[in-house]
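Quantities reported herein were computed from a predicted structural model and do not represent experimental measurements. As the structure lists them, so they are numbered: ligands from 1, and atoms in each ligand from 1. Position 1 is the first residue of the sequence, and the numbers go up from there.
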Amino acid sequence: MPANYHIGVIPGDGTGPEVIAEALKVLYAVSRRCAIKFDFEEFGVGGAQYLEDGTLLPDRVIDQLRRKDAILLGAIGHPDVEPGVLETGILLKLRFRLDLYVNLRPVVLYPGARTPLRDKGPGDIDFVVIRENTEGAYAGVGGFFKKGTPEEVALQESVNTRKGVERCIRYAFSYCRNRNRKKHLTLCAKTNVLLYESDLWFRVFQEISREYPDIKTDYQHVDALCMWMIKNPERFDVIVTNNMFGDIITDIGAIIQGGLGIAAGANINPGGTAMFEPIGGSAPKYEGKDCINPLAAIGSAQMMLEHLGEKEAASILLSAIKKVVMDDLKSLEAGRMGHGTREVGDLVAGYVQAA
Ligand code: IPM
Ligand code: MN
């Protein structure tokens with residue numbers, strides 16, 4: 001009996017539907033090659049639906065998604081909707097309500113890919129950022145005082161619970177051990193300024209490190225870490241950090257592996273349904289032009305196979321992605337690939353079937 005997975009699909013906004021279409025095309029190819037069955041169910045949440053009837057993410061949809069084996073998401077964000085409405089009302093709500101407390105973002109330079117760090121090669125850029133995904137500055141705790149007056153005050157609190165910090169750091173240690181590369185885990189925080197939250201992160205990090213004597217540990221302030229990611233990316237294996245810092249440093253991670261077009265990601269709760277999404281946004285300026293790179297979405301589908309335990313399928317798909325990067329694409333950037341979005345999907349699907 002082939003495994004049968006129920007996958008919730010949220011194509012979302014902008015170029016989201018275009019890249020998700022390619023990810024599904026590739027998963028159908030995987031399905032034919034590896035005797036795995038997927039039942040995809042699409043959910044129309046996103047900017048268009050919000051503009052039409054004011055709906056964001058109804059509880060009914062969350063409940064349906066919770067019952068899926070995994071969720072694939074394109075991008076959320078629409079130029080005609082005020083910033084923050086869709087992000088907090090859909091994307092963050094999904095991450096929070098499904099308790100997807102780990103945001104896993106690999107940074108890897110594939111052979112043939114060009115990085116602005118020209119003298120670094122594949123192997124020098126190969127690390128994973130584990131971003132806490134449900135609290136910190138993203139918790140939405142705060143408020144205005146005297147809003148709209150000359151004396152107005154805006155407070156945006158960073159919420160760090162012992163439970164939230166601990167489960168994320170524990171996940172990072174265990175991930176680092178299983179990855180079995182350099183067995184080196186870096187904590188990224190700002191202990192010289194964020195005296196309370198970074199102190200909590202630092203103490204918990206030290207505490208849990210005692211349970212993992214085989215993992216070497218390291219600490220970097222976030223600003224210095226940004227510099228090292230560019231100057232000496234080879235020093236990193238796994239980095240664990242809070243929600244806000246993780247958001248910022250993974251955009252640097254995206255560009256040093258060739259751009260947002262290749263940067264895949266996963267939102268994980270080890271005990272629940274995980275959600276896989278490329279880390280870039282909805283890129284409205286490229287919408288409908290068949291020029292966006294679908295490899296980040298396809299790479300996210302690859303992470304989904306890995307997460308579902310489909311080792312062979314995941315490894316076939318990874319090789320196909322690497323082959324396209326090596327042999328077919330001129331660049332990983334939108335509009336400069338030398339191929340259209342759909343062609344890139346066809347190429348990957350073709351390599352999967354030929355594998
Ligand atoms: C990301 C994005 C989101 C975030 C936005 C769209 C809310 O930048 O996934 O990195 O800040 O988490
Ligand atoms: Mn981001």
Using 2.8 Å as a strict upper limit, say whether an N, O or S atom of Asp251 approaches the Mn ion (ligand 2) that closely.
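Checking the Mn ion (ligand 2) against Asp251, no N, O or S atom falls under 2.8 Å.
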Run the side-chain contact (heavy atoms from CB on, under 4.5 Å) check on Ser300 and Glu277 step by step: do they pass?
CA-CA 6 Å; Ser300 303; Glu277 66 169 312; 5.5 Å; no
Numbering the atoms of ligand 1 from 1, which are under 4.0 Å from a heavy atom of Arg95?
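Counting from 1, the qualifying ligand atoms are 1 (C), 4 (C), 9 (O), 12 (O).
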Using a 4.0 Å cutoff against the non-hydrogen atoms of Glu87, which atoms of ligand 1 qualify?
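So the answer, numbered in order with elements, is 6 (C), 7 (C).
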If you look at Asp247, which of its N/O/S atoms is nearest to the Mn ion (ligand 2)?
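Minimum-distance N/O/S atom of Asp247 relative to the Mn ion (ligand 2) is OD1.
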Within 45° cone of Phe38 ring axis and under 6.0 Å: Arg32 NZ or CZ
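Ring-cation test returns no.
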Short N-O contact, Asp346 and Arg342, less than 4.0 angstrom:
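Result for this pair is no, no salt bridge flagged.
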Student check: side-chain heavy atoms of Leu109 and Lys120 closer than 4.5 Å
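SC-SC contact between Leu109 and Lys120 ruled out.
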Would you please indicate if the ring centroids of Tyr5 and Phe40 are separated by under 6.0 Å?
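No, ring centres 6.0 Å or more apart.
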Could you check [atom] against the protein and tell me its nearest heavy-atom contact, residue, atom and distance included?
atom                    : value
atom 10 (O) of ligand 1 : Asp247 OD1, 2.8 Å
atom 4 (C) of ligand 1  : Tyr138 OH, 3.5 Å
atom 3 (C) of ligand 1  : Leu91 CD2, 4.1 Å

Given Met244, Arg105, Glu277, which one has a non-hydrogen atom that is nearest to atom 1 (C) of ligand 1?
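Closest candidate by heavy-atom distance is Arg105.
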What verdict does the side-chain contact (heavy atoms from CB on, under 4.5 Å) test give for Asp99 and Arg167, after you've listed the backbone C-alpha separation in whole Å, the side-chain angles of each residue and the deciding distance to 0.1 Å?
CA-CA 12 Å; Asp99 205 17; Arg167 67 183 184 174; 2.7 Å; yes
